[in-house]
Amino acid sequence: MYDFETLQDRRNIGAEKWAALDASGQAGPDIIPFSIADMEFMTAPPIVNALREKAELSVYGYTMADDEYLSAVCSWCKTRHRWTVLPNETVQTAGVVAAIGIAIRAFTEKGDGILIQPPVYAPFHRLPRSNERTLIENPLVLKNGRYEMDFEDLERKAALPNAKMMLLCSPHNPVGRVWTQEELLRVSEICNRHHILVFSDEIHFDLVYPPHVHTVYATLSDAARNQCIIGTAASKSFNLAGLATSNIIIQNQELRRKFRAQTYLEAGKLNNYFGLAATRAAYETGALWLDELLSYLSENQRHFARLLQRYFPRVTVFPLEGTYLLWADFQSFGLSPAQLEQFMIQDAALYLDEGAVFGAQGNGFERFNLACPRRYLTRAAERLDRAAEKRGLPR
Ligand SMILES: Cc1ncc(COP(=O)(O)O)c(C=O)c1O
């Protein structure tokens with residue numbers, strides 16, 4: 001049994017979640033953060049041991065992904081995801097977001113169109129814009145309380161003459177969908193026909209709850225594999241984001257050559273000594289810990305959804321198929337996005353990622369990070385209940 005209950009104090013150590021909360025200037029002493037996608041949990045003990053050993057060496061020079069590291073990555077892809085990856089098909093970058101930026105610059109020109117599916121992770125909006133590309137939105141649609149892709153719209157948008165690339169979020173942050181093989185096949189069929197390069201961001205690929213099964217985009221077909229870049233990392237699954245290490249897997253040789261050249265041009269061959277060690281340890285020794293984490297997160301989801309439904313029957317909580325980020329619709333409160341944010345921080349003392357951050361489709365929604373001790377969730381639901389009662393908000 002691993003420990004998912006002990007809280008380390010992350011205030012004043014530069015932890016982004018807590019620093020952002022303090023910088024907001026609105027945080028009382030007992031505010032609870034449910035923002036930013038890292039976990040409050042301590043990582044798997046074998047990873048900590050591997051890092052201790054590396055630290056003991058006391059020499060932290062330039063480091064490369066060695067054979068053992070690459071073999072750990074490939075074995076993980078094979079055993080966990082039924083995906084055959086060769087060591088030389090991987091490129092290490094300092095994060096998946098960095099890799100998306102590199103891919104945008106390597107494979108598209110200014111003005112080219114990049115497809116995204118809002119509501120979606122904020123850098124998917126930001127990176128095309130900051131690189132002066134044109135954002136093409138193919139919004140997700142709600143059907144019977146479930147988010148789905150709008151394939152007719154995707155077909156139209158992919159056919160636009162300037163459309164060159166698609167940023168796919170799989171599993172999807174923030175709506176929590178694990179795309180089915182059938183859905184992904186339709187995406188690949190459309191993108192391949194229109195020569196759209198797909199960057200499939202699969203950073204959450206290990207965080208999937210049965211009966212849902214993650215399908216790696218590159219395993220769909222030869223055509224899909226030849227026209228995609230897959231972003232992976234151990235960072236979400238094992239809480240290693242601060243170690244800035246990810247594996248970008250590109251099985252088309254020419255695409256990989258171009259991506260690698262752009263990576264070296266922009267960032268050199270720099271890899272993080274500790275990040276490589278932690279990722280290798282995670283993939284070699286972390287499977288049991290991850291399985292327990294998934295059970296704990298799954299129970300967190302059930303617990304919190306039950307409480308929200310009990311206190312707020314008119315708030316829609318979307319089923320979490322993957323990720324630890326729960327998406328909920330608070331439009332029944334009748335508040336503007338700014339009022340909702342203020343209510344959450346000031347009345348309920350909860351610091352959340354506001355839905356609007358993921359695109360206008362998220363107005364009136366909130367994203368809760370469930371990777372925290374369960375008692376936090378109980379407290380959060382009770383606070384929400386009391387705050388809504390005091391304000392006389394509709395239930
Ligand atoms: C879909 C998605 N991609 C990428 C990231 C961050 O990746 P990295 O820290 O490797 O840049 C996140 C973090 O929340 C995410 O949700």
Side-chain angles (χ1 to χ4, degrees), residues 1-22 33 36-77 79-80 87 90-99 203-207 231-249 263-264 266-294 296-297 324 369 371-373:
M1 277 290 286
Y2 293 108
D3 178 6
F4 300 111
E5 299 291 343
T6 302
L7 262 187
Q8 297 286 27
D9 185 3
R10 299 174 73 209
R11 241 174 167 143
N12 304 317
I13 59 159
E16 191 179 345
K17 184 181 282 169
W18 293 90
L21 183 157
D22 288 334
I36 300 198
D38 63 14
M39 307 198 265
E40 291 305 299
F41 306 134
M42 294 182 288
T43 193
I47 300 178
V48 179
N49 288 338
L51 289 173
R52 274 205 191 99
E53 234 175 73
K54 285 285 174 186
E56 279 297 323
L57 263 184
S58 311
V59 182
Y60 312 126
Y62 291 111
T63 310
M64 293 168 65
D66 61 12
D67 289 347
E68 286 76 19
Y69 173 89
L70 295 172
S71 154
V73 173
C74 296
S75 297
W76 188 262
C77 292
T79 53
R80 231 43 216 193
T90 75
V91 183
Q92 285 64 49
T93 61
V96 171
V97 169
I203 195 166
H204 297 278
F205 70 161
D206 296 319
L207 300 164
T232 76
S235 56
K236 293 281 168 237
S237 324
F238 293 93
N239 211 19
L240 308 173
L243 298 176
T245 299
S246 60
N247 296 296
I248 311 307
I249 300 174
T263 302
Y264 293 167
E266 294 187 16
K269 292 187 180 177
L270 206 53
N271 286 149
N272 184 308
Y273 171 78
F274 288 107
L276 292 175
T279 302
R280 178 180 162 192
Y283 285 164
E284 285 180 349
T285 62
L288 272 181
W289 183 90
L290 180 63
D291 290 341
E292 270 194 34
L293 169 79
L294 289 170
Y296 189 88
L297 289 173
Y324 47 71
N369 180 341
C372 59

Residue pairs, two or more places apart or on separate chains, that pass side-chain hydrogen bond (donor to acceptor under 3.5 Å, both in side chains) and touch residues 231-244: Asp206-Ser237
Ring centroid separation for Phe4 and Trp289, is it under 6.0 angstrom? yes
Answer whether the closest heavy-atom distance between the side chains of Leu293 and Tyr2 falls below 4.5 Å. no
For Glu266, salt bridge (Lys or Arg N to Asp or Glu O under 4.0 Å) partners two or more places apart: Arg105
Any luck finding a side-chain donor-acceptor pair between Thr93 and Ser246 under 3.5 Å? yes
Closest non-hydrogen atoms of Glu40 and Pro373, given as atom of the first, atom of the second and distance, are CB-CD, 4.3 Å
Quick check: Phe41 with Tyr296 (ring centres under 6.0 Å apart)? yes
Rounded at 0.5 Å granularity, tell me how far CD1 in Ile47 sits from OG1 in Thr279. 8.0 Å
To check you understand the geometry: which heavy-atom pair defines the closest contact between Lys269 and Tyr264, and what is its length? CE-CE1, 3.5 Å
Heavy atoms only: give me the nearest Ala65-Asn271 pair and the separation to one decimal. N-OD1, 3.8 Å
Using distance alone, with no hydrogens and no angle criterion, decide if Gln92 and Thr90 have a side-chain donor and acceptor under 3.5 Å apart. yes
Between Ala277 and Ala50, which heavy-atom pair has the shortest distance, and what is it? O-CB, 4.4 Å
Could you grab the distance from atom OG1 of Thr285 to atom CG of Asn49, nearest 0.5 Å is fine? 8.5 Å
4.5 Å side-chain heavy-atom contact, Ser75 and Tyr283: no
Is Arg80 salt-bridged to Asp291, going by a charged N under 4.0 Å from an acidic O? yes
Which heavy-atom pair separates Leu240 from Ala282 by the least distance, and what is that distance? CD1-CB, 4.4 Å
Can Glu5 and Asp3 be said to form a side chain to side chain contact (heavy atoms under 4.5 Å, CB included), step by step? CA-CA 6 Å; Glu5 299 291 343; Asp3 178 6; 3.8 Å; yes
Should the pair Arg10-Asp38 be classified as a salt bridge under the 4.0 Å nitrogen-to-oxygen rule? yes
Looking only at heavy atoms, the pair that brings Ala278 and Leu243 closest together is CB-CD1, 3.5 Å
Do Tyr60 and Phe274 have ring centres separated by under 6.0 Å? yes
Pair Leu70, Asn247 - check side chain to side chain contact (heavy atoms under 4.5 Å, CB included), show working. CA-CA 9 Å; Leu70 295 172; Asn247 296 296; 5.7 Å; no
Do side-chain atoms of Ser71 reach the backbone of Tyr69 as a donor and acceptor pair under 3.5 angstrom? no
Tell me whether Tyr273 contacts the main-chain N or O of Lys54 through its side chain, where contact means a donor paired with an acceptor under 3.5 Å. yes
How many angstroms lie between atom CG of Asn272 and atom OG1 of Thr63, to the nearest 0.5 angstrom? 8.0 Å
Atom CG in Leu294, atom CD in Glu292: separation rounded to 0.5 Å? 10.5 Å
From CD (Gln8) to CD1 (Ile13), nearest 0.5 Å: 8.5 Å
Determine whether Ile36 and Asn369 satisfy the following criterion, side chain to side chain contact (heavy atoms under 4.5 Å, CB included), listing intermediate values before the conclusion. CA-CA 7 Å; Ile36 300 198; Asn369 180 341; 5.8 Å; no
With side chain to side chain contact (heavy atoms under 4.5 Å, CB included) as the criterion, how do Val48 and Arg52 come out once you've worked through the C-alpha distance, each side chain's angles and the decisive distance to 0.1 Å? CA-CA 6 Å; Val48 179; Arg52 274 205 191 99; 3.7 Å; yes
Separation between CE of Met42 and CG of Leu7, rounded to the nearest 0.5 Å: 9.0 Å
Can you confirm whether Glu68 is buried at CD, in the sense that more than 12 heavy atoms of other residues, nucleotides or ligands lie under 6.0 Å from that atom? yes
